[in-house]
Structures are given as structure tokens and as C-alpha cells.
Amino acid sequence: MSDLLANLNPEQLAAVTLPDESALILAGAGSGKTRVLTTRIAWLIQTGQISPNGVLAVTFTNKAAREMVARLEAMLPINTRGMWIGTFHGLCNRMLRAHYRDAGLPQTFQILDTADQLSAVKRLMKGLNVDDEKYPPKNVVYFINNAKEQGLRPAQVEATDSFNRKLVELYEAYDAQCQREGVVDFAELLLRCYELLTMSAPLRAHYQNRFRHVLVDEFQDTNRLQYAWLKLLAGEHNAVFAVGDDDQSIYAFRGANVGNMADFEREFRVRHLIKLEQNYRSHGFILDAANELISNNSRRLGKNLRTDAGHGEPVRVYEAATDTQEASFIVEEIRALLNQGLSRSEVAILYRSNAQSRVIEHTLVNVGLPYRVYGGLRFFERQEVKHALAYLRLIDNPNDDTAFVRVVNFPARGIGARSLEQLADAARLYQCSMAAAVPYTTGKAGSSLGAFVKLIERMRAETLPLSLPETVEYVIRESGLIAHYETEREGEDRIENLRELINAAAAFVGEQGYGLNAPARVIAMAPNATDAPQIDVGGLQILDADTPVADVMTPLSGFLSHASLEAGDNQAQAGQDAIQLMTVHAAKGLEFTVVFITGLEEGLFPHENSAVDPDGLEEERRLMYVAITRAKERLYISFTQSRMLHGQTRYNVRSRFLEELPETSLKWLTPKADAGARWGGRSDNAGWGRDWFGRPGGDEARGYGRGSGGGNGNGGGDRYVGSSGSGRRGADDAYTGNTPLPAYANKQRAAETGFRVGQPVFHTKFGEGTITALEGAGDDARAQVNFRRNGQKWLALAVAKLQPIED
DNA sequence: GGTGTAATCATTTTT
DNA sequence: TGATTACACC
């Protein structure tokens, strides 16, 4: 045991050996968080406090889960296969498969990924004749997911106006459609599982008794539903070990609720809050910059990183004239570093938004430097792979209409839009899936549809004895997919990917311990199963409390889940030594010897859409904090005076975040222009992002090292003022928190406007919305507005131009 | 039913 | 600017 605990610092040791009760570990960037988490599990097991079956450890990504398993196996001689270590979605899927009847799902329910969900909603709306101008399907999806993540079913969603009532109606129809088809989306996995445990006292008791220790990674990223799920599993007596970093919360936009940390501390009666502040990654100046920057955020739990590594090199700051020049600088700098012996994969170039990568990529291509961009299309998302999966899904579950529609006419079978419309009508009429409605269709449509259903049925029958890889091979052949792509000009890669799908199936079967020859559609216990069969108690499927849950998925269902829940590697050209390009979001959790953070410009970073409300701005700041703390030894931060975006040249002001870094840890590679001269002292309407939107008359990329103030700001502004008549522009007029706002000449005008909660309003940038809250008075008065298209924002009435509109 | 062109529209993203 | 998508057309 001393082995396990050796080399832990005092804070880490304290965390690992905490008593049997809930605890919150504030783990700073590079503080050994994963190590603490896995060592904690190993320690609990090794000291006999818990058996491996009694642990539930949950992460957000499959990668993190795999890493945890790998480290655990390295620490302890145990078989981790039956352990409940996985993502929220993966664990919920497992539970729902085990208790599919109690959860009200077919045994072979399918999982919709984001694209599937969107097409399901589109199909639904088409059938219901809903105006997709007024209700863009993407917004409907957002609405549904958001509701589910709040734990709300349609009946529980409050709808005050007709617009929202329609959305709720769509939500309800969507749920019914999913239920008919036997499919669940990502959010549904969590909500279903949560409801299953809520409604079934025996199941709840079972799992609560089993999982005495629940460990959570990246706790700051949990949403409301995930928090509720954890709380339910924890019950009254179990210990939840939550590890997270509020300063690295960068996913509020997708539902993450940092507030869960504070709630957790209170509701779980946390007595032990441990801060891991010793950083093992970055040199001193880099940490100084990170600490100083993040101290500008309010509402922090409070943490300061420290290192023994010494100051190291100062953070290099570079001002470029244009984005092209910024890229050239970076590439030249990298070439010099490589000449000094640095390897390419130790260098990362980070950016706020994907569009920024293009210029950098071009420059890299020009000098012939290999690079790798994160975040491309992933294996299971490829068109041909999705097609093959759709056939497999139909074999497993014929009612999956999303899969049906996807391949009913691919390869082409002469089934056109009119046939499908007729079929969809029949399905709606008889309240059944499209496959089931085929017999009700007539004429030519009926016969070609009938042939397709026969094809699927034949596939289903003939693959029954086949193993999973054999099934995949059979399907890509008999579906006609291979033949189809053989006739296509660039079909070779696609065929290659289809063959790769067979390999993926074989690998999956191997990893899961199903046995390579096990029939794909028979539930088979793992060969060395410690797993006990399910026992039926009063109609409930209950698992023996002392044994791991049986493998409850057939190889095929398991593989299809796997394909939805783990879309595969999203790095192009993995493997070779290459410069790493990615968004700051994608960089979270990674580290590099040398990091370039690019585009530190107002409007870009912080992004114009986020900078308008204080919470958004703080999240942007955390994003910058994440970016800075990726660097181990050398950090560059660059910004440009002008940048090509959406086909137009934008003129930028350097990011406020630069002013928030301690001068003592910086080294300006270009002369530092005075920010005051840029922002203040001008009587024209200068402001945040002013130059981002405005356009100086005429001059292209004005030369480097421009003097203070002068150049930008004049000229273009009126264009934006004009159209809406009464004054200020959109995005740069919102409340900006602690940061002083530029003095607007007509500030007081808007402040006098009376608003009320519930008041429908119009904003020139965000469109129509409803006021959901008001606070403050006079110049500080703020309104929270729920915009139809842009979600909730806090806006300062003194500067935001909100126009009341009629109800 | 596949191909070509016009219109549209552009944070961040894992499951 | 460039990628994606919708729709007209052959």
C-alpha cells in the first residue's frame, strides 16, 4: 500500500485517504487530478474498504474513462472489466439495457446521435406541417435537450406564450415518436435512467447499496440532470468524491452548471474541501499569468496555482498587422524551435474558433510542416459508415425510422419522396413505425417498399447465426453498399472505411470479451464471467447485489451503442509527428511544451457573442485560463490589427485579457501600444469591439506598429447606427461587468425606458425575446432577456437598445 | 436521380 | 471567404 501513496504531495495524499464521506476536490490545472482520482479508487480497494463492484466512477469522455481504467489496472492486479467506470451516457446505457423493461424500452433500443436527432425532428416537423422558418429544427432540438437536461418532461415545461406552447407540443410529439421507434437520444439516456431509479424503489435501493463510493471527474462540467442522477445514486449514505475545477468551467453553453459545485458542498454536507494547487506542468511566469488573469473573475471558489519549477521564460506577446502575418510569425518561430531539437508534437497552436485555423494551415502547408487539426469528422460519423450502421440498426430494431429513412433508398431502389410521404402518412395514421406501415401502402410504392422490407427481413434471418464481424461483412455486401461505392468515382476510401468497420466490430467483440464467434444477436455472458445472471423479483429485473451486473447487451446492440456513444477518433492523420492545431476548448486536459494562443482580440477572444453578458465574459476568461495553463515551458500570445473574417477585413483592438496579465511575466516581442490611447480619449463612438464591427474608411492593412489611437474607429460607424434609427449598435453595447464601459453620449436615454418582466422586446442583434428578469436601477439597471434565437442574455438597459414590442 | 448553381450563413462540443 | 444546403434542371 505504501507504493500506492508514495510520491503524493500532502494535499493529494489527504484527498486520496479521505474518510468514507462525500468530499470536494478542487483540482487546479496540472495538479495531478486523474492521479488522485485513480489512486483514491485503488486505495479504497486495496485497504478493503470496498470491492471493485462497489465503485462507480464517472467521466465525461470515453478517453478519460479509458485512462482511468488503464491507470487502475497498472496500480492493482484486478480485472476492471465488470467495473462501473465510464461516461455518464455509457453507464446510463448499461443500466437501461439491464432494466429495459422497467425503463419501458425495447431490449434493442437504439441511440440517436446529434445528427440522427436532428433528422428525427425534421421528419417529425414535416409530418406535422410545422413552419420551419418560425421553428428552426435546430432550435427545437435545443429546446428539447435543454428541457431534458433540466429533468423536465413536456407536461412539466412551463409555457407562457403560444410560441413556447408549440415547442412543448413538438417536444411531446418527438418523445412519442422516439417511443414508437424504440430510440433514445443522448439526453434521454440520462433522463430515462434518472426516472428509472426515481420510480423503482427496489432498483434504487439495489444500486444505492451497491455503489458505496461514487467518484466524479470534471465535476464543474456536470449539468443539472447529471447532478440529480448522482444525488439519487448517492442516497443518504454513500460517499461522492467529486473532483473538479471551477476555473476550468468552459461548457456552460451546453448546459454545464458550475453552481453544482456550491450545491454539492451544501447538499452533500461536505466537510472536506481539498485544494490541489501544486502545479506540475507549467513554469512560474506562465502560472503567474494564469493566476492573475483568473483573479479578475468574481464568483470563484478560490485557488492559486504554484510551482517548484522556477520562473522559466516570460510569456511572449506579439502584435501582428494581419492574420497572415500572425501565422507567418508563428510558423517561423516554430521552425526555429524545431531546429533547436523540439519535436513537432510538442507544439500546439490554439485558437478560439475553428475558422482561424485556415490561415495557419495554409502557412504550414507552404513551408511543408506536418500538422494535425483536431475536431474533424469522426469514424462513425462518416456517411458510408452511418449507412452501414443504419442497416445493422434495422436488423436489430426494424422500428428505427431514422435508420429506415436513411437507407430505404440508398443504394437507389426507386423509392422517391412521394412514396416516402405516402408511407409516412400511413405510419402516422396507424401510429406505427414506417417499416410497420409498409403493408398499408399501395401501388408501385407499396411493392418497392415491400421489397426493401423483405431485404431487411432476409438479412435479419440470415445473420442470425453469424458473429458480429460476420454480420457486418454480410450487411455491407448484401445491402449493395459495396457495389454502389465501387461504381462511384471516389468510392475507394468509402469501401476502405466499410472494411474498417468490420475490423472495428472484431476489435469491439474482443475488447468486450464476447468471444469472436459469439452470435451477434444472442446475449452471451463474458466467458470468464464473474457476472451472475439476472433474477426476476416480482416482475423487476434485479441483479444480485454482490456480483457485477451481467453483460446485458448482445454484441450487436453493444456495438451499435458503442458507435453512437463513442464516435471514434476525431484527429486526422493521427500517429505522425505533427504540429497540433485545435480550439482552446479541445485543448482542455492536454499539455504541450510550447503553446501559441492566437487571435487575442476583442470580439474574437473574448468572443463578441459572449462578451455581452458578465457570465459569458467570465467564461471567456476561464477559456483563456485553460489556454494559458496548457503550456509547460514556453507560451506565446498573439493578436492582429486586422483579420479576414467572413470575407471581410475586420479591424481589431487587442483583447482586454492582455491587460489583465501581469506585466512582469510578459515579454513584448513587438512594441506595446498604449491601450488607453486606443480606448479612451476619443470623442467619437469608440468602444469594445467597435473596431471589430466598424470599418475604417479605405486603408487596407495599415502598417505595423501604428501609433496610438489614430487610425481605427472613424468612418464606418454610421453604417451600423443608421438602420435601426435610434442610436447605438447591437453587440458592443451590452453590460460588461467590472470592466469600465466607454462613455456613451446618449447613455441615459435608454435607461429611462420602463420595462417589465414578461415584456416582449426586440434587440437589433439578438432579435425577438422576452424579459425574464430585471435588476438594478438607473444606469445599472439590467434585464435578463430570453431571446428566441439566441437564448438568455443579461443586458444593461443603459446601453442595450431594447425595443418593446406588442404582445 | 444525379448534377450544377444560387442562396445562406457562419463560437465553443461530448455523449 | 468558404462550406453547406436547397432547389432547379437535364
Side-chain angles (χ1 to χ4, degrees), chain A residues 58-65 86-93 111-117 122 132-133 136-138 142 145 148-149 184-190 193 217-218 221-223 225-226 249-256 323-324 350-359 361-362 374-378 380-381 409-419 484 487-489 561-568 570 582-589 599 603-612 616 619-620 622-624 626-627 643-650 731 789-791:
Chain A
V58 61
T59 63
F60 276 88
T61 65
N62 293 293
K63 191 176 160 205
T87 62
F88 280 100
H89 295 84
L91 296 179
C92 286
N93 180 44
I111 300 168
L112 302 182
D113 68 17
T114 312
D116 295 332
Q117 187 187 23
K122 281 181 180 166
D132 58 2
E133 299 267 298
K138 279 203 178 107
Y142 174 83
N145 290 341
K148 289 188 181 184
E149 280 165 13
V184 297
D185 57 51
F186 288 138
E188 183 73 20
L189 279 173
L190 300 180
C193 188
D217 190 21
E218 304 277 17
D221 287 339
T222 51
N223 63 32
L225 181 53
Q226 286 157 341
S249 162
I250 56 174
Y251 285 112
F253 72 91
R254 66 175 197 213
D323 47 358
T324 326
L350 309 184
Y351 34 82
R352 173 68 240 264
S353 63
N354 287 303
Q356 288 169 258
S357 77
R358 222 187 61 247
V359 175
E361 288 186 64
H362 277 154
Y374 281 61
L377 194 63
R378 296 140 100 206
F380 287 110
E381 291 168 355
N409 198 36
F410 194 99
R413 302 188 174 86
I415 298 170
R418 62 228 164 271
S419 306
H484 172 87
T487 68
E488 221 178 46
R489 293 183 306 282
S561 294
H562 170 80
S564 298
L565 294 178
E566 181 161 13
N570 66 355
M582 66 194 83
T583 63
V584 179
H585 282 93
K588 195 176 127 189
L604 189 59
F605 200 176
H607 196 276
E608 50 180 314
N609 293 356
S610 303
V612 294
E619 178 143 320
E620 293 287 308
R622 291 192 291 270
L623 201 49
M624 184 61 187
V626 167
R643 177 181 297 278
M644 189 68 114
L645 195 73
H646 306 333
Q648 280 199 319
T649 307
R650 308 282 190 129
R789 288 175 172 271
N790 294 287

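Each chain gets a letter, A, B and so on, in the order the sequences are listed, and its residues count up from 1.
Protein atom CG of A:Asp221 is 13 Å distant from nucleotide atom C1' of B:dT12, rounded to whole Å. The interatomic distance linking A:Asn223 (CG) with B:dT15 (P) rounds to 14 Å, in whole Å. Nucleotide B:dT15 holds its C1' atom 14 Å from the CD atom of A:Glu188, rounded to whole Å. A:Gln117 places its CD atom 14 Å from the C1' atom of B:dT13, with the value rounded to the nearest Å. If you take CG of A:Asp185 and C1' of B:dT14, they are 14 Å apart, rounded to a whole angstrom. Per the geometry, CD belonging to A:Glu149 stands 15 Å off P belonging to B:dT14, to the nearest Å. Atom CZ in A:Phe380 sits about 13 Å away from atom P in B:dT15, given to the nearest Å. Atom NE2 in A:His562 sits about 11 Å away from atom P in B:dT15, given to the nearest Å.
The existence of a salt bridge linking A:Glu620 and A:Arg352 is confirmed by a sub-4.0 Å separation between a basic side-chain nitrogen and an acidic carboxylate oxygen. Checked for salt-bridge contact, A:Glu619 and A:Arg622 meet the test: a charged N lies under 4.0 Å from a carboxylate O.
Under the 3.5 Å distance criterion, the side-chain polar atoms of A:His89 are left unmatched by any main-chain donor or acceptor of A:Leu189. Checking side-chain atoms of A:Asp132 against main-chain N and O of A:Lys122 turns up no donor-acceptor pair under 3.5 Å.
Contact annotation: A:Thr87 side-chain N/O to B:dT14 OP1/OP2 distance is not under 4.0 Å. Close to B:dA10, at under 4.0 Å from its OP1 or OP2, lies no side-chain N or O of A:Asn609.
Nearest-nucleotide positions on DNA chain B place A:Ile250 closer to the 5' end than the other of A:Ser564 and A:Ile250. Each of A:Phe60 and A:His585 was assigned the nucleotide of DNA chain B with the nearest heavy atom; the assignment lying further toward the 5' end belongs to A:His585.
Nucleic acid contact class of A:Phe88 (heavy atoms, under 4.0 Å, all strands): none. In this structure, A:Gln226 reaches neither bases nor backbone, as no heavy-atom distance under 4.0 Å exists between it and the strands shown. No engagement by A:Asp113 is indicated, since no non-hydrogen atom pair under 4.0 Å with the nucleic acid exists.
Here chain A contacts DNA chain C (any atom closer than 4.0 Å to a heavy atom, that is under 4.0 Å), and the contacts span C:dT1 to C:dG2 from 5' to 3'.
Atom CD of A:Glu566 is separated from atom CG of A:Asn62 by 3.5 Å, given to the nearest 0.5 angstrom.
Comparing the P positions of C:dT5 and B:dT12 gives a spacing of 15 Å, expressed to the nearest Å. Taking the C1' atom of each, C:dA3 and B:dT14 are spaced 23 Å apart, rounded to whole Å.
In the interface, the side chain of A:Thr114 is paired with the base of B:dT15 through a donor and an acceptor atom under 3.5 Å apart.
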Mind listing the N/O atom pairs, protein and nucleotides 1-8 of chain B, below 3.5 Å?
from: B:dG1; atom 1: OP1; to: A:Gly414; atom 2: N; distance (Å): 3.4

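Checked against the 6.0 Å centroid threshold, A:His585 and A:Phe253 count as a close aromatic pair.
Contact of the A:Asn145 side chain with the A:Phe186 side chain is not registered, since no non-hydrogen atoms from C-beta on lie closer than 4.5 Å.
For the pair A:Ala65 and A:Gly86, the tightest heavy-atom approach, listed with the atom from each and the gap, is CB-CA, 3.8 Å.
With A:Ser564 as the partner, the side chain to side chain contact (heavy atoms under 4.5 Å, CB included) test is satisfied by one option alone out of A:Ile111, A:Thr114, A:Val184, A:Asp185: A:Ile111. When the options A:Val58, A:Asp221, A:Leu190 are evaluated for a side chain to side chain contact (heavy atoms under 4.5 Å, CB included) with A:Gln226, the one that passes is A:Leu190.
Which of B:dT12, B:dT13, B:dT15 sits closest to the side chain of A:Asn62 comes down to B:dT15.
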